[in-house]
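First the structure, in the form of structure tokens, and then the observations on it.
Here is how names work: the chains are called A, B, and so on, in the same order as the sequence lines, proteins then strands, and each is numbered from 1.
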Amino acid sequence: MGIREKPTRMDQVQSWRADFPVEYLYTTGVAGERFAKTLRERGMLAATRCQRCGVTYLPPRIYCQRCFADLSESWVEVPLQGVIHTYTVVPVRATGEPSQSLEVIAYIRIDGTEGGILGRVAVSPEAVYIGMAVEGVLAPPAERRGAVTDIRYFKPILS
Amino acid sequence: MDEGVAILGVGVTPLRPISPELSQRELIFEAATKAYIDAGTEPAEIHSFISISEDFHEGTSITDEYTPDQLGAILRPVHTIAGDGLQGLAAACMLIQSGIADLVAVEGHCKTSNILNHEEVFAMALDPIYERPVGVPSHAIAALEMRRYLHETGLPEEAVAGVVVKNRRNALRNPLASYGASLTVEEVQASPLLASPLRVLHTSPYADGAVVLIVASAARARRKGRKPVWIKGIGWATETPWLAERSWGRATYTVVSAQMAYRMAGISRPRKEIHFAEVDDTYAYKELQHLQALELLTPQEATELTRGGDFEGPLPVNASGGSLGMGYCFDATALYRVAEATWQIRGEAGSHQVPGARTGVVCSWRGVPTTTGGVVVLQAD
């Protein structure tokens, strides 16, 4: 069986099942460690600022992607507040399996930065809109692990 | 390009939802055999070989090692581009323009039906510290883009559905396409939501296949009896890997790629000088977004186009059926678009031939979560 004579039934073909079992320990790096420590200890977002370009990076980076300056000594902290830049409502989990309920996932521009964070928003799919002001809800201090998952979700800021 | 670089041969396997009869290496062998015949050459004459592959889509690490034999490239110069198909084509142009090679084979393939966990492959493409732990399905990233795009342009969701209707209808005329269908806007909008506003039918379905292009120097291309299609300009760019930094509503990588390709091709008025386009439509909104970035049609004009005849009007787009109609095959997608554009310019596109197709543009994108794409301008002899 091959190029000259092709199979015409599924029971004539064979496959081999295998997986790709690999694990990693990702180095979080200078910026990642500072971000994690600031979130865990003070419940704030650590960002880096390039004075020359007037840009604040979140997630923080120790370099400016515009002028290539070293930003490893140029930190600011901002609260978990921002505006929904875009959003989607998903009926499935990240694994592709159906979810119990609809989830609102948004990309949130964080105030005082040019960056932002991807997160879930505790709001009904009918009520969410682009431009909605939201704030992050953190895990209680004792339960924080120093990871982005310490931000449990975002919720609308009631004016 | 000063000296000139041409596409001299094209070989493809028809895009199919599954391909249980051949392994991915055998698919490549089939495409390569066709390409060598089409170019009137044989592997011994090829000076250098380029393979497009991405380890996670292969299911093999260091896939480079598995590319030479089915191309006839054993003990010859060969390298892999883990990137977009047009980045591979650009590498071929560099080999030729630098005088290293006169004849180059560029290969792209996709055996997506081998992959049992597409979502897990996607998740591994997100930043492991800031993005992956949030747990977001892949289509949600596209949905976030689509929402922002509709918000910024003011287009209705039906405009996106119109792209699906057009491309799947065009695919009915293309014997290489797997997903030709007669659909209505209403049917598209009634398909299930993957992640609002993105629906199942807004998304191009996967397909298996392989493409080999034979690229030649001007001297080699001008030999008697051949039909060269000239690569007049090529560009590629990456915006940023960070979700936090991207423009969300705009295809900035295409704007930059198009500027580079148009400058090289000497095109100053793309709307007048380009006759047809094969444009990435991995998700239907992407076609509209890319056409705007290519300075070919405004979102409103592009929407209007989908309502009219497929091959009339100012600019036929994806006469092949695009990825929505032909099937999506990751980084090989761009090479299928180049193959289709080559046949259009040769006048060999059969019942989906665009009349007077002398200059065409191909626009590619690497899919979520990337902001990488390319643009190439192709022209008749």
Heavy-atom contact with chain A under 4.5 Å, split by part of B/Ile129:
both
Find the one option among B/Ser196, B/Pro192, B/Ala140 whose heavy-atom pairs under 4.5 Å with chain A are most numerous.
B/Ser196
With a 4.5 angstrom heavy-atom cut-off, which part of B/Ala123 approaches chain A: side chain, backbone, both or neither?
neither
Which bit of A/Gln14 comes within less than 4.5 Å of chain B, counting heavy atoms only: side chain, backbone, both or neither?
neither
Answer key: most heavy-atom pairs under 4.5 Å with chain A among B/His151, B/Glu245, B/His139 is B/Glu245
So which of A/Ile130, A/Asp19, A/Val13 has the largest heavy-atom pair count under 4.5 angstrom toward chain B?
A/Ile130
With a 4.5 angstrom heavy-atom cut-off, could you sort out which part of A/Thr28 is near chain B: side chain, backbone, both or neither?
both
May I ask you to say whether B/Glu54 pairs ionically with B/Arg366, meaning some side-chain N is under 4.0 Å from a carboxylate O?
yes
Checking B/Arg246 against chain A: side chain, backbone, both or neither under 4.5 Å from a heavy atom?
backbone
Scored by heavy-atom pairs under 4.5 Å with chain B, the best of A/Phe20, A/Tyr107, A/Tyr57 is A/Tyr107
Residue pair B/Tyr253, B/His290: steps toward the ring-ring contact (aromatic ring centres under 6.0 Å, His included) verdict
CA-CA 10 Å; B/Tyr253 52 90; B/His290 287 145; 5.8 Å; yes
Under 4.5 Å from a heavy atom of chain B, the part of A/Leu58 involved
backbone
Between the side chain of B/Glu131 and the main-chain N/O of B/Leu243, is any donor-acceptor distance below 3.5 Å?
yes
With a 4.5 angstrom heavy-atom cut-off, is it the side chain or the backbone of A/Ala18 that approaches chain B, or both, or neither?
neither
Tell me, for B/Thr240 versus chain A, whether the close heavy atoms (under 4.5 Å) come from the side chain, the backbone, both or neither.
side chain
Verify the neighbour count for atom CD of A/Glu143: are there more than 12 heavy atoms of other residues, nucleotides or ligands below 6.0 Å?
yes
salt_bridge(A/Arg109, A/Glu114) N-O dist < 4.0 Å
no
Can you find a pair of side-chain heavy atoms, one from B/Gln292 and one from B/Tyr149, that are under 4.5 Å apart?
yes
Checking A/Arg61 against B/Trp242: charged group under 6.0 Å from the ring centre and within 45 degrees of the axis?
yes
So B/Tyr206 and B/Phe330, ring-ring contact (aromatic ring centres under 6.0 Å, His included) or not? Walk me through it.
CA-CA 8 Å; B/Tyr206 292 121; B/Phe330 292 106; 5.7 Å; yes
Where does B/Leu198 contact chain A at under 4.5 Å (heavy atoms): side chain, backbone, both or neither?
neither
A/Asp150/A/Arg145 ion pair, N-O < 4.0 Å:
no
